[in-house]
Amino acid sequence: MKLYHIIGLSTASLLSLGALGLMAQTEATPYNTDFRLETLSGNVTALNGIQLENITKTGHNQFSKVIITGENASLTPTKYDTFHGVGEDILENRELYRHLTWPETLESDNYLITANFNYSYFYTNTEPVLRIRSKNKDTGQINIQEVSLDKMLYGENIMSEFLTENNEKYYYVAKVYDQRGNKNDHIIAYEIDPDTLKLSLKYEEELSEWSSMYVNNGVIYTNPNESNHLMITTLETNETKTYKMNGVDEYVYIENITTVNNELFFLIDSVIMKASFDDDNQEINLTPTQTPSFIESSTNEFESIYPQSLTENNDLVYTMYESYNTNSSTQYLSVLDPSSDKIIYEGKIMIRPDQGLVNTYQLKTVNQD
């Protein structure tokens, strides 16, 4: 299953650098095509089943997809809309994205679903409306709906929204707040019929205080502000459990979550933490895994390295990091083996202005059948 945000790519310091590089080129001067992943440690076979993707400009209104698999790189002609900053995946499914702003996207083996709450409904509708669309990948059938969210009142809006799937059940989850500040935030979750796009209320919970929220594989994780407690709600059963997290500061923020063989891993302060559950005492013991050497060895006070994405594949955890300093940009990749809590591979990619890249590299899993 693929789950990701559609990110606007029109402006960024990296893109600005790239654009300057493009402007400095002439048609007689080709773009730099030296795309490579440099191995810092470990065996590149740890990258089997994943690849790094980007898009580069190769000529006037011409673009190619850059695909890096291990030590190899290839260029394949592709489509790219410079005005909207979107690539072929979206252009080939434009009905699912048209007139949506930063939609949530979920892709499974059978369906591609997008959803986007109409944040400006005050001006266009009398009730809160979710714009939701689906494509049956087997039949090609596309369904487009605007659905009223009956558990939201006029004057309320959505702070964050998620699409998630587990056991072939699809859910839309949102954190709702009152724009007038008269009520507490609350969580609503609807089960989605992917063919009809009918929504059925699955879960609702009022939050007594401000809380951060993350959703993964049909589970809602809620962490109250300035607290080391975590509420875990499984949507399939509507069961909620509250745990105290040990091994972290009292004020903790969970950046990302992934599971490997039913084991839970949290990304906290750029460190991957393995979670061990003690249900009898309602506690989660968090143990830090190995820190990447490129973080430990960073001595440049002007360089900031932070995590970009967390992906599980082939029982390994892949983490992409981004680094910016005054002169260049770099992406790093670490591969963690959860069975030993050790990093088995590290690599880096330099982002150069003369390569014409439109974005940073994205980590994608590859079907090896």
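If you're wondering where the values come from, they're calculated on a predicted model, not measured in any experiment.
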Heavy-atom pair with the smallest gap, counting every atom of Thr164 and Gly218: OG1-N, 2.7 Å

Residue pair Ser227 / Asn225, side-chain donor-acceptor N/O under 3.5 Å: no

Distance-minimising heavy-atom pair for Met245 and His229: CE-O, 4.1 Å

Salt-bridge present (Glu107, Lys137; N to O < 4.0 Å): yes

Nearest atoms (heavy-atom pairs only) where Lys175 meets Met213: CB-CE, 3.7 Å

Where Ile187 and Thr222 come nearest, the two heavy atoms and their spacing: CD1-OG1, 3.7 Å

More than 12 heavy atoms of other groups within 6.0 Å of Glu95 CD: yes

Minimum heavy-atom distance Gly155-Asp178, with the two atoms named: O-OD1, 3.5 Å

Between Tyr97 and Asp89: side-chain donor-acceptor atoms closer than 3.5 Å: no

Donor-acceptor pair between Glu346 and Ser293 side chains, under 3.5 angstrom: yes

Side chain to side chain contact (heavy atoms under 4.5 Å, CB included) assessment of Ile55 paired with Asn359: CA-CA 7 Å; Ile55 295 176; Asn359 192 22; over 6 Å; no

Asn261 side chain vs Glu263 backbone, donor-acceptor pair below 3.5 Å: no

Check: Ile272 main-chain N/O paired with Thr289 side-chain donor or acceptor under 3.5 Å: yes

Greater than 12 external heavy atoms within 6.0 Å of Lys183's NZ: yes

Main-chain N/O of Ser270 paired to Glu255 side chain as donor or acceptor, under 3.5 Å: yes

Aromatic ring proximity Tyr121/Tyr154, centre distance under 6.0 Å: yes

Distance-only polar pair, side chains of Glu161 and Tyr119, donor-acceptor under 3.5 Å: yes

Heavy-atom closest contact (Tyr190 atom, Ile188 atom, distance): CE1-CD1, 3.8 Å

Greater than 12 external heavy atoms within 6.0 Å of Glu92's CD: yes

Tyr171 ring center within less than 6.0 Å of Tyr203 ring center: no

Point-to-point distance, once rounded to the nearest 0.5 Å, from OG1 of Thr291 to CD1 of Ile343: 7.0 Å

Sidechain-backbone polar pair: Gln331 side chain, Tyr361 backbone, donor-acceptor under 3.5 Å: yes

Tyr253 versus Asn223, side-chain donor and acceptor atoms under 3.5 Å: no

Polar contact flag, side-chain donor to acceptor under 3.5 angstrom, Thr45-Asn43: yes

Plane angle bin for Tyr170 and Tyr111 - parallel if under 30°, tilted between 30 and 60°, otherwise perpendicular: perpendicular

Backbone of Gly49 reached by a side-chain donor or acceptor of Asn314 within 3.5 Å: no

Working for side chain to side chain contact (heavy atoms under 4.5 Å, CB included), residues Glu236 and Asn166: CA-CA 8 Å; Glu236 188 170 9; Asn166 190 49; 3.8 Å; yes

Distance-only side-chain donor-acceptor flag, Glu283 / Asn246, under 3.5 Å: yes

